Amino acid sequence: MARSLEKLQMQYAAVAPAKPGMMGGGPQRFGMRGAKGKPKNTGATIKRLLTYIGRFKGRLISVLFCMIVSTVASLCGSYLLAPIIDRITLAVKPDAVISMSATERLADSVIESVTRWPMVHSLVEGGTFTQVSAYVLVALAILLLVYLINVGFTYLQSRLMLSVSQNSIEQIRLDLFRRLQKLPVRYFDSHPTGEVMSRFTNDVDNIDMMLNNSLVSLVSGVITLVGTFVFMVTTSWILTLVTVAFIPLFAKGGALIGKHSSQYYAGQQTALGALNGYIEETVSGQKVINVFNHEQDCVEEFGALNDDLRQKQFKAQFFGGIMGPVMGNMSQVSYAVTVGLGGVLMCTSGFTPGALTVFAGYSRHFSQPISTISMQTSTIFAALAGAERVFKVMDMEPETPDAPNALTDEIKGEVAFHDVTFGYVPEKTVLHHIDLTAHPGQKIAFVGSTGAGKTTVTNLLNRFYDIEEGTITIDGHPIKAYSRDHLRRNIAMVLQDTHLFTGTIRENIRYGRLDATDEEVIQAAKVAGAHSFIMRLSDGYDTVIEGDGANLSQGQRQLLNIARAAVSKAPILVLDEATSSVDTRTERHIEHGMDRLMNNRTTFVIAHRLSTVRNADIILVLENGAVLERGNHEELLAKKGRYYELYTGAVELD
């Protein structure tokens with residue numbers, strides 16, 4: 001039975017592909033969705049962003065200068081039309097009364113002075129051009145030069161601002177990635193992978209769009225608005241008042257449409273996230289869908305999500321699309337009123353045709369910066385909200401720093417837990433008063449039900465989490481006394497969930513120790529029992545792995561993980577359900593290799609298959625975070641307790 005649209009939206013909106021939860025007493029995963037809307041602290045966010053773009057003060061000043069020159073050139077180009085039109089008017093109607101403004105007279109005198117240059121004057125004297133045609137041609141040449149200046153400085157402005165924005169975004173991404181490398185495992189256990197990825201994609205992309213487009217449009221719009229206003233006032237202060245009177249109408253109309261548009265675009269993004277999440281899950285689980293014959297249910301659910309997206313996209317695109325026409329029509333109303341009143345002024349006060357033509361153009365363009373600013377508001381707020389989320393991750397507390405003069409001594413592998421009590425959250429204790437000692441070369445096995453706390457023990461050993469009660473020592477020193485890098489370099493892990501990187505098999509094995517030679521890589525593969533299948537591949541050790549090893553079987557991927565641990569030469573080894581993903585035959589095949597791998601290493605084994613822990617020196621049976629029994633295989637069978645029940649099948653691990 002297909003689920004309802006509401007349930008699908010709740011489950012798949014902003015869905016993120018989360019990595020599998022930790023086994024045992026691992027932290028509880030919870031989903032978090034990216035915040036939407038305006039930032040909570042706009043001022044602080046803007047100030048933080050300015051520290052990134054502020055590194056390029058020289059370029060920013062150049063960008064501002066280019067904007068001003070470009071805007072002034074554009075406005076001057078338009079203003080040069082006034083004396084041209086007035087000169088043509090006088091040529092056609094010599095008895096017309098033309099009363100130029102001071103600015104128009106200045107432009108006229110500049111053009112007139114150029115026509116007196118010897119080369120131009122000789123053409124007029126020779127009869128090649130009339131005085132009026134020479135004037136017009138000179139004006140057009142100046143007009144072309146002005147517009148070329150406009151184009152040139154606009155190009156420089158775009159290149160410089162692109163440089164500023166991309167360098168700033170590069171630094172933001174780098175700082176964010178650096179911070180992620182320093183965050184504790186607790187952060188990644190409690191945040192879905194997709195949520196973390198969205199900081200690099202959606203949020204950073206929004207910042208990029210704001211810096212590269214919205215910010216430029218906003219500043220350019222303000223400069224254009226101020227410049228146009230100045231030129232309008234110098235042309236006719238009466239018509240300027242009329243045009244300015246329409247500003248509240250433009251602003252109100254733009255804000256109203258922008259509010260609805262932003263609202264529906266947010267809904268569109270939510271619906272798109274739900275649809276993408278559903279597609280991702282169904283594609284990855286297509287075999288399961290086929291096995292249980294749920295194809296039709298999936299089609300119905302997809303249809304519901306798809307139709308919801310269509311409806312929301314329609315509304316978003318509608319309101320986004322009408323912004324231009326509505327603002328354009330309001331501009332036309334302002335234009336009509338201005339031209340009409342300008343015609344009256346021509347008849348009553350000697351307002352020139354050229355001035356009216358130029359002012360009409362300014363009137364039409366005066367609304368454009370207002371529309372641009374209104375349209376960019378939602379984009380800017382979305383970018384600031386994204387920046388706030390990015391900075392929130394950057395401000396997360398990193399892993400606790402190493403102690404001063406942290407130890408980097410050689411580790412031999414004696415591990416001891418003394419009365420260790422731990423919980424991922426204060427209200428739930430996962431481990432209760434754990435005591436154990438592992439001597440160098442010993443094999444310690446943990447068995448117990450899911451949630452008993454087996455994996456938590458190894459998490460504490462790696463200092464993925466720090467304990468509050470008790471102590472953990474290695475070679476007699478508290479693990480907090482060691483450098484964290486040095487500690488983890490001396491502990492090799494083979495996890496239940498395999499992860500291979502894009503690259504060759506050789507590179508993936510070498511990931512356990514980057515300075516390992518090719519011979520050591522091959523030897524590690526032989527120890528893990530992976531050499532034979534690797535040599536059967538088309539390119540052997542140079543076979544490229546893609547998609548987390550999609551071209552390999554689950555057992556083969558696990559063998560490579562074991563080989564990676566083998567090449568590390570770490571004196572302490574942790575095997576967390578390392579053979580759970582291989583079949584019994586493959587498990588037997590690698591047992592001898594595993595024995596060689598564990599030779600002279602302190603090894604901690606977590607296993608559901610009790611056959612894999614029979615030769616352990618010490619077996620600890622954990623239940624509800626406490627040690628229920630301990631001893632070797634024979635001792636525990638002789639007790640006929642919990643281990644005996646598990647081994648004989650009287651009870652099963654759950």
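The residues of the chain are indexed from 1 along the displayed sequence. No hydrogens, no waters, no symmetry mates; every other heavy atom, side chains included, goes into these values. Keep in mind it's a predicted model, so treat the numbers as computed, not measured.
D435 contributes a side-chain N or O that, together with a main-chain N or O of D419, makes up a donor-acceptor pair within less than 3.5 Å. Judged by distance alone, with hydrogens and angles left aside, the side-chain atoms of Q442 form a donor-acceptor pair with the main-chain N or O of H439 at under 3.5 Å. For the pair Y482 (side chain) and I474 (backbone), a donor-acceptor distance under 3.5 Å is present. Between the side chain of D617 and the main chain of K443, a donor-acceptor pair closer than 3.5 Å is present. A donor-acceptor pair under 3.5 Å is absent between the side-chain atoms of N490 and the main chain of A570, judged by distance alone. Within the 3.5 Å criterion, the main-chain N or O of G413 finds a donor-acceptor partner in the side chain of D475. Checking side-chain atoms of Q171 against main-chain N and O of S168 turns up no donor-acceptor pair under 3.5 Å.
Between R488 and D485 there is no salt bridge, since no side-chain nitrogen of the basic residue lies less than 4.0 Å from a carboxylate oxygen of the acidic one. No salt bridge links R173 with D175; every basic N to acidic carboxylate O contact stays at or beyond 4.0 Å.
Taking every heavy atom of both residues into account, A563 and I509 meet most closely at O-CG2, 3.9 Å. For the pair I505 and G540, the tightest heavy-atom approach, listed with the atom from each and the gap, is CD1-O, 4.0 Å. V204 and F200 get closest at one heavy-atom pair: CB-O, 3.5 Å. The two atoms that bring G453 and V430 nearest to each other are CA-CG1, 4.2 Å, heavy atoms only.
Listed by first then second residue, pairs satisfying ring pair (Phe, Tyr, Trp, His ring centres under 6.0 Å) with a partner in residues 490-533 read H499-F501, F501-Y511, H531-Y541, not counting sequence neighbours.
Take A416 and apply the side-chain contact (heavy atoms from CB on, under 4.5 Å) test, not counting sequence neighbours, and it matches H418, T437, T473. Looking at residues two or more places apart in sequence or on another chain, you find a side-chain contact (heavy atoms from CB on, under 4.5 Å) between N293 and E295.
At a cut-off of 3.5 Å, with distance as the only test, a side-chain donor of N459 or Y424 sits close to an acceptor on the other residue.
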Salt bridge (charged side-chain N to carboxylate O under 4.0 Å, His left out) between D402 and R484, intermediate numbers included: CA-CA 7 Å; D402 294 331; R484 188 179 276 104; 3.8 Å; yes
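Ring centers of H432 and F422: at least 6.0 Å apart, outside the cut-off.
Evaluated for a salt bridge (Lys or Arg N to Asp or Glu O under 4.0 Å) with D395, the options R179, K182, R48 yield exactly one hit, R48.
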